[in-house]
Amino acid sequence: MSLNLTQLIEQGVAGKRVLVRSDLNVPLEGTTITDDGRIRASVPTIKKLADAGAKVVVVAHLGRPKGEPDPAYSLAPVATRLGELLGAEVAFATDTVGDSATSVVGGLADGQVALLENVRFNAGETSKEDIERANFANELAALADAFVSDGFGVVHRKQASVYDVAKLLPSAEGDLVSTEIDVLKRLTETPERPYVVVLGGSKVSDKLGVIDNLLGKAEKLLIGGGMVFTFLKAQGYEVGESLLEEDQILTVLGYLERAEEIGVEILLPTDVVVADSFGDEESARVVPANAIPAESLGLDIGPESAAAYAAALEGAKTVFWNGPMGVFEQPAFAEGTRAVAQALTTIDGLSVVGGGDSAAAIRQLGFSDDQFGHISTGGGASLEYLEGKTLPGVAVLDEVTPIGGLG
Ligand code: ADP
Ligand code: MG
């Protein structure tokens with residue numbers, strides 16, 4: 001068992017430098033943060049440590065820079081927002097492990113918070129070479145006396161600031177990671193029934209593993225988003241220019257057969273909102289799912305399907321939803337996602353929304369976080385857990401037992 005945050009704090013963190021890996025990977029337009037959900041989710045762990053008198057050193061990534069500094073991916077705007085949410089200024093280091101980081105961390109008073117520049121500005125962070133990651137992790141570890149893993153969105157990655165650094169310092173789970181793991185356990189170990197899973201979004205092959213693992217656990221599986229068209233094609237229908245993963249057709253066919261055998265209902269849309277080209281709202285129209293015109297592409301589930309999905313969710317005691325039903329970013333293709341979100345708000349039981357875009361969708365559509373049981377901050381990590389995989393960034397914490405308190 002890994003240490004939790006409370007147990008770490010009980011060891012006495014006052015005056016100690018605690019490195020916290022957070023997930024602050026927020027959407028930016030220029031330097032404007034368009035959804036600060038992940039920053040808000042990171043605040044409780046940081047605040048708890050600061051209140052206990054720790055010198056809190058936050059490390060995080062933003063986007064996918066190529067292992068070297070790139071101003072477009074600077075965390076500077078995030079430091080400002082984090083400071084606003086904490087109600088105290090956050091010292092920002094303009095590098096991750098260099099002179100700026102050393103001096104900023106060295107200058108922290110007890111209870112103060114610093115944010116290091118984008119950890120992915122360093123090639124060692126995501127290197128496939130164990131030795132390169134270990135070297136970089138050593139530099140990170142030199143900045144701290146203890147490590148707290150709180151970036152749930154990255155615990156499925158074997159990266160230096162997630163995995164390797166945990167081997168070098170006394171390590172604990174942050175509250176965000178603990179909460180996420182608790183919820184995922186409730187979804188996999190003893191879910192209350194009926195249990196309905198809703199899957200959508202654009203990354204079809206990413207989500208097939210979840211179908212594989214949850215097919216035997218849930219009563220119903222509702223399919224939306226880009227995945228729809230691989231299923232429709234597998235059933236022999238034409239899908240025009242819609243998203244399609246030809247190489248997954250056989251896999252999908254296998255799921256349909258297995259579902260039939262074990263009596264699990266897989267719901268597919270019976271109608272689809274199509275357009276002449278991606279994002280062309282002018283041409284949006286509803287067609288039957290088995291008659292998608294060759295020159296069009298499907299961008300949302302249709303109104304009949306949306307109503308059927310809402311009905312299928314009625315009375316569910318456990319719901320896991322990952323992936324928008326359509327291209328919710330545009331009003332003409334957002335109604336399917338809205339219907340599912342609306343149905344989730346009426347669930348008397350556990351409703352979980354996973355995935356960055358799904359969380360953004362419910363906020364954009366005007367729902368508030370507290371209308372749902374739990375909004376997960378980590379799409380990929382939740383999916384890998386639900387696929388039955390081990391999360392390296394959590395497993396590594398189990399291996400480390402701090403002896404005799406913090407040095
Ligand atoms: P999440 O981040 O919640 O896991 P994904 O990243 O898998 O979700 O997918 C989100 C994206 O899927 C959204 O940007 C949305 O526009 C897109 N999407 C949904 N339905 C379709 C569709 N039919 N065709 C193309 N893109 C779609
Ligand atoms: Mg996404």
Side-chain angles (χ1 to χ4, degrees), residues 23 25-27 34-35 37-38 63-64 152-154 156 180 184 197-211 214 222-233 237 239-245 248 268-269 271-281 283-287 289 292-293 296-302 305-306 309 319-341 344 351-365 367 369 372 374-387:
D23 177 7
N25 190 23
V26 291
T34 53
D35 178 8
R38 283 182 167 156
R64 293 177 183 267
F152 183 69
V154 287
H156 59 312
E180 295 272 9
L184 288 169
V197 172
V198 189
L199 290 176
S202 57
K203 293 175 255 167
V204 182
S205 39
D206 276 18
K207 310 203 174 177
L208 292 178
V210 179
I211 300 184
L214 291 183
L222 317 187
I223 305 291
M227 212 181 306
V228 159
F229 308 99
T230 305
F231 276 88
L232 290 176
K233 186 81 178 180
Y237 301 121
V239 297
E241 302 292 317
S242 309
L243 264 188
L244 175 64
E245 293 197 23
Q248 302 295 340
L268 291 169
D271 57 351
V272 175
V273 180
V274 298
D276 293 340
S277 60
F278 191 89
D280 178 12
E281 294 189 276
S283 64
R285 60 203 185 271
V286 178
V287 300
I292 296 175
S296 70
L297 72 171
L299 296 174
D300 193 12
I301 61 172
S305 313
Y309 285 16
V319 180
F320 173 69
W321 174 27
N322 174 274
M325 297 293 98
V327 181
F328 71 92
E329 293 91 340
Q330 294 180 287
F333 314 114
E335 289 310 307
T337 303
R338 185 193 304 282
V340 165
L344 248 73
S351 60
V352 180
V353 182
D357 291 292
S358 309
I362 57 173
R363 291 177 189 133
Q364 187 191 306
L365 294 171
F367 295 93
D369 291 16
F372 304 88
H374 178 75
I375 298 176
S376 174
T377 49
S382 323
L383 292 178
E384 291 205 5
Y385 186 97
L386 294 175
E387 279 173 47

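Given the structure is predicted, the values throughout are model-derived calculations rather than measurements. Remember, it's 1-based here, ligands and their atoms both numbered in the order they're listed.
For the pair E384 and V210, the minimum side-chain heavy-atom distance is 4.5 Å or more. Inter-residue side-chain proximity for F231 and V228 is flagged as unmet; no heavy-atom pair is nearer than 4.5 Å. Counting heavy atoms from C-beta outward, L243 and S202 have side chains that approach closer than 4.5 Å. Contact of the E241 side chain with the S296 side chain is not registered, since no non-hydrogen atoms from C-beta on lie closer than 4.5 Å. I223 places a side-chain heavy atom less than 4.5 Å from the side chain of I211.
Checked by distance only, ligand 1 and D300 stay at 3.5 Å or farther apart across all their nitrogen or oxygen atoms.
For atom 3 (O) of ligand 1, the closest heavy atom belonging to the protein is S358 OG, 2.5 Å. Closest protein heavy atom to atom 7 (O) of ligand 1: K207 NZ, 2.8 Å. Regarding atom 11 (C) of ligand 1, its nearest protein heavy-atom neighbour is S202 OG, 3.7 Å. For atom 25 (C) of ligand 1, the closest non-hydrogen atom on the protein side is L243 CD1, 3.7 Å. Given atom 13 (C) of ligand 1, the protein heavy atom at minimum distance is E329 OE2, 3.3 Å.
The proximity of L297 to ligand 1, defined as any non-hydrogen pair under 4.0 Å, does not occur for either the backbone or the side chain. Contacts between V327 and ligand 1 below 4.0 angstrom, taking non-hydrogen atoms only, involve backbone and side chain alike.
Q364 pairs by the side-chain hydrogen bond (donor to acceptor under 3.5 Å, both in side chains) definition with nothing, not counting sequence neighbours.
Residue-ligand proximity: F229 is placed with a non-hydrogen atom under 4.0 Å from ligand 1. Contact between G226 and ligand 1 is present, with at least one heavy atom of the residue lying under 4.0 Å from the ligand.
Checked for salt-bridge contact, D271 and R285 miss the test: no charged N lies under 4.0 Å from a carboxylate O.
Judged by distance alone, the side chain of K207 and the main-chain N or O of L199 form no donor-acceptor pair under 3.5 Å. Side-chain atoms of D276 do not come within 3.5 Å of backbone N or O of S283 as any donor-acceptor pair.
Across the listed options D357, V272, T337, D357 owns the non-hydrogen atom lying nearest to atom 1 (P) of ligand 1. Proximity annotation for atom 24 (N) of ligand 1: of A360, G298, A361, G380, G298 comes nearest, heavy atoms only.
Looking only at its N/O/S atoms, D357 has OD2 as the one nearest to the Mg ion (ligand 2).
When only modelled atom types and interatomic distance are considered, E245 and S205 share a side-chain donor-acceptor pair under 3.5 Å.
Every atom of ligand 1 with a heavy atom of N322 under 4.0 Å away is listed here by number and element: 4 (O). Of all the atoms in ligand 1, the ones that sit under 4.0 Å from a non-hydrogen atom of G225 are 20 (N), 23 (N).
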